[in-house]
Amino acid sequence: MPKKDTAVSSLTLEDMRRTVSQSGLRHIAFIMDGNGRWARRRALPREAGHSVGTKTFKKTVTLCRDYGITTVTTYAFSTENWKRPEKEISEIMRLLDVYIKEAEDDNEKNKIRYIFLGEKSRLGDELREKCEYLENLTKDNTLVLNIALNYGGRDEIVRTVNKLIAEGKKEITEDDISANLFTRLSPDPDLIVRTGGEYRLSNFLMWQSAYSELYFTDCLWPDYNETELRRAIVEFSKRQRRFGGV
Ligand code: FPP
């Protein structure tokens, strides 16, 4: 269970907004790990962890927005996650379907711009069309929410390079790659948070994470809460980012 932390809990919303603004935290990304373990510890099917995890994600996005963060990215389903049992995959897709419907209904209130990262064709026509509809419906909103779905970082780089070759490029620059990734509309993530106690990126944002600060917590994703988020942001604000300089 997440620990109570009086130091961060006593910060006001204004304190958090100031911390975000002064630290230059524009883009936060989440690897939402631990849903399965959270469910197993309660003798529930793994899908129950994903269901609670989806609610946790919605609350986390709202908090990020309240704090003034302008881009949020999450790893909802990787290119490797297709190896999971059929029942679990279809429940994650169902949760995404419900999430997209709610995002459409709440568009006027939330003003979030949804962007799906990953190759949509494997999702099937129905879900692909719903993703594209939501992207188009929300394209003028300013808070960007990237949802990585059928996403793999290496796959993204290979696709991008092949696209540039097909366009006739003979020499490829870093800017060419950045400008053609699924994330081309977002700055690179300043902070990547991974829950669930594993210390790796698991093929998430391989190109974009070159200078991201990484933050790991043992907290399982369904338990993730405001104290945990504040702790990550405050820790980020203390890091010295040199981007290779001195
Ligand atoms: C990782 O935990 C979680 C996933 C691979 C799926 C996350 C998907 C959702 C929360 C549902 C839909 C998402 C959105 C944004 C609406 P795990 O299953 O690997 O956990 P474990 O390591 O404990 O087994």
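Small disclaimer: the values here were computed from a predicted structure and weren't measured. For ligands, and for the atoms within them, numbers begin at 1 and follow the listed sequence.
- Considering backbone and side-chain atoms together, Asn35 places an N or O closer than 3.5 Å to an N or O of ligand 1.
- Between Thr73 and His27 the shortest side-chain heavy-atom distance falls below 4.5 Å.
- Across Glu156 and Thr183, no two heavy atoms sit closer than the pair OE2-N, 3.7 Å.
- Considering backbone and side-chain N/O of Phe57, none are found under 3.5 Å from N/O of ligand 1.
- When the shell of 6.0 Å around CZ of Arg128 is examined, it contains more than 12 heavy atoms from other residues, nucleotides or ligands.
- Other residues, nucleotides and ligands contribute more than 12 heavy atoms inside 6.0 Å of the CZ atom of Arg241.
- Under 4.0 Å from ligand 1, the heavy atoms of Asn81 that appear belong solely to its side chain.
- The distance criterion of under 3.5 Å between nitrogen or oxygen atoms is not met by Thr74 with respect to ligand 1.
- Lys58 does not count as a contact of ligand 1, since none of its heavy atoms falls under 4.0 Å from the ligand.
- Using a 4.5 Å cut-off on side-chain heavy atoms (C-beta onward), Lys87 and Glu91 make no contact.
- Proximity of Asp105 to Lys101: side-chain heavy atoms (C-beta onward) are separated by under 4.5 Å at one or more points.
- For the ligand labelled ligand 1, residue Gly196 lies outside the 4.0 Å heavy-atom shell.
- For Arg84, a nitrogen or oxygen atom sits less than 3.5 Å from a nitrogen or oxygen atom of ligand 1, counting backbone and side chain alike.
- Close approach of ligand 1 to Asp33 is summarised as follows: ligand atoms under 4.0 Å from at least one heavy atom of the residue are 1 (C), 2 (O), 17 (P), 19 (O), 20 (O), 21 (P), 22 (O).
- Contacts between Arg40 and ligand 1, counted as non-hydrogen atom pairs separated by less than 4.0 Å, are absent for every part of the residue.
- Using a 4.5 Å cut-off on side-chain heavy atoms (C-beta onward), Glu88 and His50 make contact.
- For atom 14 (C) of ligand 1, the closest heavy atom belonging to the protein is Leu96 CD2, 3.9 Å.
- Around the CD atom of Glu126, the shell of radius 6.0 Å holds no more than 12 heavy atoms that belong to other residues, nucleotides or ligands.
- No part of Arg41 comes within 4.0 Å of ligand 1, judged by heavy-atom distances.
- Residue Thr54 has no nitrogen or oxygen atom sitting less than 3.5 Å from a nitrogen or oxygen atom of ligand 1, judged on distance alone.
- What you find for Phe182 and Leu117 is that their closest heavy atoms are O-CD2, 3.5 Å.
- Those atoms of ligand 1 that come under 4.0 Å of a heavy atom in His50, given as number and element, are 3 (C), 4 (C), 6 (C), 10 (C), 18 (O).
- By the 3.5 Å distance cut-off applied to N or O atoms, Arg37 is counted among the residues near ligand 1.
- Ring orientation note: the planes of Phe77 and Trp82 are nearly perpendicular, at an angle over 60° on the 30°/60° scale.
- Atom numbering of ligand 1 starts at 1 in the shown order; those under 4.0 Å from a heavy atom of Arg46 are 17 (P), 18 (O), 24 (O).
- Listed by number with element, the atoms of ligand 1 under 4.0 angstrom from any heavy atom of Met32 are 1 (C), 2 (O), 3 (C), 7 (C), 10 (C).
- Every atom of ligand 1 is numbered from 1 in the order shown, and the set under 4.0 Å from a heavy atom of Ala76 is 6 (C), 7 (C), 8 (C), 13 (C).
- For the ring-ring contact (aromatic ring centres under 6.0 Å, His included) with Trp221, the lone residue among Phe30, Trp38, Tyr75 that qualifies is Phe30.
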